[in-house]
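Just so we're on the same page: letters track the sequence lines, and every chain starts at 1.
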Amino acid sequence: MKIDYEKELNPAQYEAVTRREGVFLVIAGAGSGKTRTLVYRVAKLVESDIPPESILLLTFTRKASLEMLHRSSMLADDRCNRVSGGTFHSVGNLLLRKYGSAIGMSPGFTILDSSDSQDCLGILKTEKGYGKEIKNFPKKSTLSAIFSFSINKRMPLNLVLAKAYPQFLFLLEEITHLKAAYSEYKKKHNLVDYDDLLVLFKELLESPEIQEKVQRQYRFLMVDEYQDTNILQAEIINLLGRGHNNIMAVGDPAQCIYSFRGANFGNIMEFERFFPDLQVIKLEENYRSTQKILDVCNALMAPAREKFAKNLFSKIKKGKEVPAVVGSDSPAEEAYFIVDTIEELTHTLSLPLNDIAVLFRNSFHSFELELELNKRNIHFVKYGGFKFVETAHIKDVVSHLRVVANPNDAVSWTRLLLLMDGMGPKTAAKVIQQIQALENPFALTKLKGFEKFRKPLHDLEQLFRHITAADRPPSLIIEKVLDYYNPALESKYDDFPKRKRDLDQFLGIAAKYKKLDQLLADMALEPPNASRNGALADAKTREEHLVLSTVHSAKGLEWHTVFVMGANEGSFPNPYAVEDEEELEEERRLFYVAATRAKERLYFTFSTLKKDRYGNFYSAPPSQFLHPLRENGLVKKLGSWEYF
DNA sequence: CCTCGCTCATTTTTT
DNA sequence: ATGAGCGAGG
């Protein structure tokens with residue numbers, strides 16, 4: 001079964017799929033078949049006997065790459081599943097474990113997720129005494145944000161402070177000192193945070209010997225969601241690709257929504273600077289949405305400062321349903337409207353629940369809706385926001401696994417020691433200092449002093465005796481840790497039964513892993529995506545369900561019917577963003593991304609009265625982003641929309 | 001010196 | 001629901 005590329009693709013897609021050598025930038029508007037193009041291109045390369053291992057597909061999440069490769073293999077053959085794919089972070093992780101010794105790293109490093117790196121900064125802040133001595137010293141989360149901003153935007157600390165945190169400018173010296181201490185601490189304890197993964201990835205590729213090796217391994221590079229990469233990632237692409245110059249980057253400047261992470265559409269310029277022979281291919285025709293929806297999307301972007309592209313258009317999807325703007329008097333009413341409409345669609349039109357999504361700016365915007373869905377027994381899965389793996393009880397358990405994998409991981413040691421009664425950060429630091437000097441880091445009864453903790457340290461040693469022996473499968477280790485952790489869990493949390501269920505789920509996930517290292521890397525880099533409010537296990541997600549999602553997590557996806565809820569000033573755009581023109585523009589693009597997810601039906605809902613956390617009502621006008629929709633019959637107005 | 005429990009304030013988006 | 005800040009008590 002040969003693929004008829006010419007018939008199944010439009011001319012621009014066909015060109016992108018069939019051109020092989022060279023550097024290409026594919027500018028692809030929303031719904032223009034970007035994924036389809038990448039899928040066919042992988043199939044085409046594999047079909048023409050390019051070894052799949054020599055193709056590298058860099059995507060935004062690993063799920064995205066797995067899905068694409070799966071589709072490619074359905075199209076062509078199984079070899080597509082052997083294509084290397086993943087995020088910049090995960091590829092960096094793999095290469096650093098393999099070749100990291102070339103730049104002085106040891107392969108057993110632990111990856112710190114953002115809350116771990118914040119814990120680490122907290123430890124150092126206390127150690128330096130900054131928190132106590134200096135009033136209003138930045139919180140650990142702020143420190144982490146400052147450092148990350150500085151690295152991802154390539155901006156020295158003094159400029160970061162001047163631009164984003166002028167109130168801390170007088171602490172420049174202390175903050176600079178802390179940053180150095182943080183780097184040193186990570187190095188000493190074999191720890192790597194998210195930013196380090198990119199920085200070190202780049203450093204690794206700068207070693208000529210490694211660079212050549214890696215370039216020889218990956219002969220064809222494809223980069224998805226290019227608009228959301230930052231300077232560091234652009235440099236990595238450059239280093240990966242300049243040996244052979246076979247690169248295809250795909251992106252849509254109008255959908256750049258990660259500039260808070262240093263993403264910058266100006267990267268396209270960098271790309272041109274690195275590769276002057278760059279050829280641009282444009283995918284313009286939309287295959288996803290009805291023209292009525294596209295008209296609305298185009299109108300949303302009309303006031304944008306940058307005129308990125310010309311308007312989205314569809315030749316094939318006529319559709320008669322006019323998108324709606326729905327005003328309500330209260331959040332409860334907004335929720336009723338959404339749930340009523342969903343029931344109507346599923347009952348009278350027999351639309352599968354899977355074809356519907358509700359999108360919002362912030363994870364907590366859906367609380368009211370979740371209550372109503374639960375009341376009416378509508379099954380949903382929520383994406384974005386607080387993640388399952390970030391909850392305290394999961395982190396507690398994981399910290400035990402991490403010291404097994406890297407006994408040098410002082411952040412995890414601190415976390416698990418703090419679980420003991422009477423143990424605080426100071427004592428933990430002293431314990432860890434001694435542990436580092438031990439020949440066997442788990443021989444805790446050998447520690448001098450700490451009489452008060454003789455019993456708990458003994459118990460912990462027993463635990464480690466069980467779980468460090470030989471090459472145990474992760475699930476077995478976790479079972480032992482759970483037994484050990486249970487008393488602490490029950491005394492620490494009143495809601496322990498719920499947390500226990502979470503831990504059981506975690507055990508279920510871990511059972512799929514044979515190697516502890518792999519489990520830990522995935523926990524940090526590709527955690528289960530659903531947040532903890534909704535269902536989590538795969539079995540559950542396979543059931544028919546409604547999707548609730550932040551717009552960020554909905555990137556790249558599409559549904560028959562989409563509700564964009566909380567379209568209020570104060571919610572969407574995010575109030576933090578309205579003062580800064582650039583940030584407001586990003587909110588606009590985010591709103592646009594939300595709207596472009598819809599294929600057939602699109603609703604914007606808002607409530608003119610909102611509740612603050614004490615239950616007091618305040619009035620919130622409809623989002624300014626809805627203003628362009630007021631005229632021309634672009635949308636129908638439902639509910640109480642007199643303010644609109 | 002250190003930990004613990006109380007109170008008050010606070011929540012963007014993600015690898 | 002969580003985190004920081006503060007003061008009491010071990």
Taking side chain to side chain contact (heavy atoms under 4.5 Å, CB included) as the test, write out the residues that go with Ala332(A), two or more places apart.
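Here the qualifying residues are Ser330(A), Tyr336(A), Glu368(A).
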How would you list, by chain and number, every residue that makes a side chain to side chain contact (heavy atoms under 4.5 Å, CB included) with Val199(A), sequence neighbours excluded?
Ile151(A), Glu203(A), Leu232(A)
Determine the contact category for Asn574(A): base if any of its heavy atoms lies under 4.0 Å from a base atom, sugar-phosphate if only primed atoms, P, OP1 or OP2 are that close, otherwise nothing.
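Result for Asn574(A) = base.
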Selection from [options] that lies nearest to any side-chain heavy atom of [X]:
X: Arg499(A); options: dT12(B), dT2(C), dT15(B); answer: dT2(C)
X: Thr87(A); options: dT12(B), dT14(B), dT15(B); answer: dT15(B)
X: Thr550(A); options: dT15(B), dT13(B), dT2(C); answer: dT13(B)
X: Tyr258(A); options: dT14(B), dT12(B), dT15(B); answer: dT14(B)

Are [X] and [Y] close enough that some pair of their side-chain heavy atoms sits under 4.5 Å apart?
X: Phe606(A); Y: Phe572(A); value: no
X: Glu585(A); Y: Arg588(A); value: yes
X: Met105(A); Y: Val192(A); value: yes

Would you mind checking if Glu451(A) and Arg454(A) are paired as a salt bridge, meaning a charged N to carboxylate O distance below 4.0 Å?
no
Please report, rounded to the nearest Å, how far the [atom2] atom of [N] is from the [atom1] atom of [X].
X: Tyr194(A); N: dT14(B); atom1: OH; atom2: P; result: 12 Å
X: Ile231(A); N: dT15(B); atom1: CD1; atom2: C1'; result: 17 Å
X: Gln233(A); N: dT15(B); atom1: CD; atom2: C1'; result: 9 Å
X: Gln118(A); N: dT15(B); atom1: CD; atom2: P; result: 15 Å
X: Ile236(A); N: dT15(B); atom1: CD1; atom2: C1'; result: 12 Å
X: Leu232(A); N: dT14(B); atom1: CG; atom2: P; result: 21 Å
X: Ile257(A); N: dT14(B); atom1: CD1; atom2: C1'; result: 10 Å
X: Leu121(A); N: dG3(C); atom1: CG; atom2: C1'; result: 15 Å

Judged by modelled atom types alone, do Gln518(A) and Asp522(A) share a side-chain donor-acceptor pair under 3.5 Å?
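There is such a pair between these side chains.
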Tell me if the centroids of the rings in His552(A) and Tyr258(A) come within less than 6.0 Å of each other.
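Yes, they do, as the ring centres are separated by less than 6.0 Å.
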Name of the residue among Phe360(A), Phe625(A), Phe591(A) meeting ring pair (Phe, Tyr, Trp, His ring centres under 6.0 Å) with Phe604(A)
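With Phe604(A) as partner, ring pair (Phe, Tyr, Trp, His ring centres under 6.0 Å) holds for just one option, Phe591(A).
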Report the distance from atom CZ of Arg589(A) to atom CD of Gln255(A), rounding to the nearest 0.5 Å.
10.5 Å
Which residue, His89(A) or Tyr576(A), contacts DNA chain B at a nucleotide closer to its 5' end, judged by nearest heavy atom?
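Counting from the 5' end, the first nearest nucleotide belongs to Tyr576(A).
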Please enumerate all protein N or O atoms sitting under 3.5 Å from an N or O of nucleotides 7-10 of chain C, with distances to 0.1 Å.
none

Once hydrogens and angles are ignored, does a donor-acceptor distance under 3.5 Å link the base of dT13(B) to the side chain of Arg361(A)?
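Answer yes: a donor N or O sits under 3.5 Å from an acceptor.
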cation_pi(Lys555(A), Phe60(A)) dist<6.0 Å, angle<=45
yes
Protein-nucleotides 3-5 of chain B N/O pairs closer than 3.5 Å?
| unit_1 | atom_1 | unit_2 | atom_2 | d |
| --- | --- | --- | --- | --- |
| dT3(B) | OP1 | Gly424(A) | N | 2.3 |
| dT3(B) | OP1 | Gly424(A) | O | 2.9 |
| dT3(B) | OP1 | Thr427(A) | N | 3.4 |
| dT3(B) | OP1 | Thr427(A) | OG1 | 2.8 |
| dT3(B) | OP2 | Pro425(A) | N | 3.4 |
| dT3(B) | O5' | Gly424(A) | N | 3.2 |
| dC4(B) | OP1 | Gly422(A) | N | 2.5 |

Is there a side-chain contact between Lys430(A) and the phosphate of dC2(B), meaning an N or O under 4.0 Å from OP1 or OP2?
yes
Tabulate below the donor-acceptor pairs under 3.5 Å that side-chain atoms of residues 108-121 of chain A make, not counting sequence neighbours, or state none.
| unit_1 | atom_1 | unit_2 | atom_2 | d |
| --- | --- | --- | --- | --- |
| Thr110(A) | OG1 | Asn406(A) | ND2 | 3.0 |
| Asp113(A) | OD1 | Ser115(A) | N | 3.0 |
| Asp113(A) | OD1 | Ser115(A) | OG | 3.2 |
| Asp113(A) | OD1 | Asp116(A) | N | 2.9 |
| Asp113(A) | OD1 | Lys395(A) | NZ | 2.9 |
| Asp113(A) | OD2 | Lys395(A) | NZ | 2.7 |
| Ser115(A) | OG | Lys395(A) | NZ | 2.9 |
| Asp116(A) | OD1 | Lys395(A) | NZ | 2.8 |
| Asp116(A) | OD1 | Arg402(A) | NH2 | 3.0 |
| Asp116(A) | OD2 | Asp113(A) | N | 3.0 |
| Asp116(A) | OD2 | Lys395(A) | NZ | 3.4 |
| Asp116(A) | OD2 | Arg402(A) | NH1 | 3.4 |
| Asp116(A) | OD2 | Arg402(A) | NH2 | 2.5 |
| Ser117(A) | OG | Asp113(A) | O | 3.4 |
| Ser117(A) | OG | Ser114(A) | O | 3.0 |

For DNA chain C, the residues among residues 138-152 of chain A that have a non-hydrogen atom under 4.0 Å from it
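Of all residues in residues 138-152 of chain A, the ones placing a heavy atom under 4.0 Å from DNA chain C are Lys139(A), Lys140(A).
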